[in-house]
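What follows is a single structure, written as structure tokens, with notes after it.
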Protein chains: 2
Amino acid sequence: MSRHDESAPTLATVAEAAGVSRQTVSNALNSPDLLRPETLVRVQEAIDRLGYSPNRAARSLRTRSSHLIGLRVDAAVEDSANALMDRFVHTLVESTEVVGYHVLLFTAGDHDTPEPYEELLRSAAVDAFVLTDTFLGNPQAAWLAGRGVPFVAFGRPWDDPTARHPWVDVDGHAGVALAVDHLVERGHTRIAWVGWQKGSFIGEDRRSGWVTRLHEHGLSTSRLSARGEDTLEFGTRAAHALLDVAAEERPTAFVCASDTLAMGVLRAVDVLGLRPGRELGVVGFDDSIAAQVCTPALTSVRQPLEEVAVEVVRGLGALLAHRPVGQPGRVLAPTLSIRSTS
Amino acid sequence: MSRHDESAPTLATVAEAAGVSRQTVSNALNSPDLLRPETLVRVQEAIDRLGYSPNRAARSLRTRSSHLIGLRVDAAVEDSANALMDRFVHTLVESTEVVGYHVLLFTAGDHDTPEPYEELLRSAAVDAFVLTDTFLGNPQAAWLAGRGVPFVAFGRPWDDPTARHPWVDVDGHAGVALAVDHLVERGHTRIAWVGWQKGSFIGEDRRSGWVTRLHEHGLSTSRLSARGEDTLEFGTRAAHALLDVAAEERPTAFVCASDTLAMGVLRAVDVLGLRPGRELGVVGFDDSIAAQVCTPALTSVRQPLEEVAVEVVRGLGALLAHRPVGQPGRVLAPTLSIRSTS
DNA sequence: GGTGGGCAGTTGATCGATCCAATCTCTCAC
DNA sequence: GTGAGAGATTGGATCGATCAACTGCCCACC
């Protein structure tokens, strides 16, 4: 009856069991190449036998790094197809685990303040952040960068091309261009845009794909564009308005800035008794779950969220190792998921 | 030029600034009522002035609690409407923050092993877990409980009513009964069930709501039930099969075990040229985003995920305070979100 | 007047890992 | 045979908080 079994094994316990010192056990874990092979084996056995895992708090305290990455989750918006985070978060968690990190979730209340970020950083709860809600340019990126908070952004620093923080983004322009090409190939010549109000950089990026691509195909964009909020209702209203013209001016296809808007367009189309598909094309953006399961299934631009997550983690790695980043940003190409509405 | 400004303030720094001892500062944070009001104010000022937040690693090491809750995220399934986690996760994060905790995400690989859970617990990375994927009974709950891992489950221990771990669940039976009542009120008398294969406790619970409620209304269930996998395709196949009978035997409404299945049913209905709504009712389960934005919008049973999250956190609180739980489980009532398909 | 008790605040030890500098053990060259 | 030097291991100090025990101090009570 040696020792009470209740307390978890520590470095010292393992060291004693293996007949070596604490430091040797620590080296076995952190720099195994420093040990003689036979010693390493002996230590490993003791570790396995005792079921030892190093205490994170202790390691964290000493090394001054928690091996945690902060990710802010904001309130889920109802009635909108914006559930693309699921896919992203999962890959992010998987990728971070590969490099020995975990993801910590937090909320930041209603208004954007740096407080929660700084608090987590000051208390050494996380080593860095991943920013995702860079919807309207990213004001946060600016103030976080200014305060020396380490982070990688999913989204370009639109408003400040000189920003030096690492970021990853998806080429919205190219995504919409893909959609336009596809619709043109299907024979459409009057392709409308349903997007967001001016002021959103992402929205303008996506829209520019529509404008330039139509022009490159020698097609007109005039009287084919609608702008408003990112809601189902606006999508429906916009479609009604765009279709309420003389037959020869009527668009035969809609490219939308989001799946939410596209679903709104589909609703209008349904009310008017038109059948989406070859005759009337509709393309969304995000390839949300709703796009996949609704009837008719929505053709949509798919962001390579898995790749984005991997790149974000790569950026985090460089950031935390204080490796200088050559070019801070990376733009990835989306693909088109073709379904029934085109 | 006192001290290099780089390093973050610690208890000692604050203590010196306020002219008190470390412990007094610690007390100011953890048991303010131990201090004389004027001392408390003085310490508070120093804390604010220096921008001090206690180091979590150090606190964690000493108190043996990380104030982190582990939540496993599994691979997002494509082509299925199961995105109900978003809503749950957000409320969970918010509720845990209120009681001073944070949520840590992790994955458990493909097969279910207790390894990742035990590893996180052994290394003191988390204090407890929240289990959510208790889809088919919950095997994990059993082995986690057996190994003394503290957790609260979202989902009943169907296979072991004597289990003592805390859990929260939603009454699937009642949810489906709600759907049946609603359809009966709309005048339907031949109401079909599209659900999962036998062997899933949740599936049987939901189905039982359909069976007993129809019988209570004096309606028949014979030849009105289909069972299969939780996919869009099966929903479509099942609907085709159920509708392929003599007109007077044909169901006029479908209650489904999930939104995914309901979307499949809608697809079949669409192909057959029927219009869902008053004449042909379809009700799903989960009130997923897809249900909300698709056309026609799907009537669906809505789980009170916000309440569930709050209850889960309450359970965690009791668990971590070693407060004995009287009755370990709590069943919450779902509601019905009525939309166009009924 | 001595004891006892509550209040306010202090000090040293401790949690479990890693860092650091010093030591020990070889092997090999001269 | 000795010293250099790399390879492997050691004990002590440290990260920053909390715990436990202790010191004054003041007032009440017998």
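To find a chain, count down the sequence lines: A is the first, B the second, and so on, and within it residues start at 1.
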**OP:** Could you list the residues that satisfy side chain to side chain donor-acceptor pair (under 3.5 Å) with B:Thr91, not counting sequence neighbours?
**Re:** none
Original post:
At what angle, to 10 degrees, do the two end axes of the helix from C:dG1-D:dC30 to C:dC30-D:dG1 meet, given five pairs define each axis?
Top reply: 60°
Quick one: which protein N/O atoms are closer than 3.5 Å to N/O atoms of nucleotides 12-18 of chain D? Pair and distance per line, please.
residue	atom	partner	partner atom	Å
D:dG12	N7	A:Arg22	NH2	3.3
D:dG12	O6	A:Arg22	NH2	2.9
D:dA13	N6	A:Arg22	NH2	3.4
D:dT14	O2	A:Arg62	NH1	2.7
D:dC15	O3'	A:Arg64	NH2	2.6
D:dG16	OP1	A:Arg64	NH1	3.4
D:dG16	OP1	A:Arg64	NH2	2.6
D:dA17	OP1	B:Tyr52	OH	2.8
D:dA17	OP1	B:Asn55	N	3.0
D:dA17	OP2	B:Leu11	N	2.3
D:dA17	O5'	B:Tyr52	OH	3.2
D:dT18	OP1	B:Asn30	ND2	2.6
D:dT18	OP1	B:Arg59	NE	3.2
D:dT18	OP1	B:Arg59	NH2	3.2
D:dT18	OP2	B:Ser26	OG	2.4
D:dT18	O2	B:Arg62	NH1	3.1
D:dT18	O4	B:Arg22	NH2	3.2

Subject >> Residues in contact with DNA chain C, drawn from residues 34-43 of chain A - heavy-atom cutoff 4.0 Å >> reply: none
Subject >> By ring pair (Phe, Tyr, Trp, His ring centres under 6.0 Å) - contacts of A:Tyr52 (at least two apart) >> reply: none
Which pairs of donor and acceptor atoms, one on a side chain in residues 145-154 of chain A, lie under 3.5 Å apart (sequence neighbours left out)?
residue	atom	partner	partner atom	Å
A:Arg147	NH1	A:Glu118	OE1	3.0
A:Arg147	NH1	A:Glu118	OE2	3.0

Original post:
Of all residues at least two apart in sequence or in a different chain, which pass the side chain to side chain donor-acceptor pair (under 3.5 Å) check with A:Ser66?
Top reply: A:Asp127
Subject >> side-chain contact (heavy atoms from CB on, under 4.5 Å) against A:Ala124, all qualifying residues, sequence neighbours excluded >> reply: B:Asn55
Subject >> side-chain contact (heavy atoms from CB on, under 4.5 Å) against A:Val41, all qualifying residues, sequence neighbours excluded >> reply: A:Glu45
Original post:
How would you list, by chain and number, every residue that makes a side-chain contact (heavy atoms from CB on, under 4.5 Å) with A:Arg36, sequence neighbours excluded?
Top reply: A:Glu38, A:Thr39
**OP:** State which residues pass side-chain contact (heavy atoms from CB on, under 4.5 Å) with A:Thr162; sequence neighbours excluded, sorted by chain then number.
**Re:** A:Asp160
Original post:
What residues, two or more places apart in sequence or in another chain, satisfy ring pair (Phe, Tyr, Trp, His ring centres under 6.0 Å) together with B:Tyr101?
Top reply: B:His67
**OP:** Without swapping roles, check the side chain of A:Ser26 against the backbone of A:Arg22 for a donor-acceptor pair under 3.5 Å.
**Re:** no
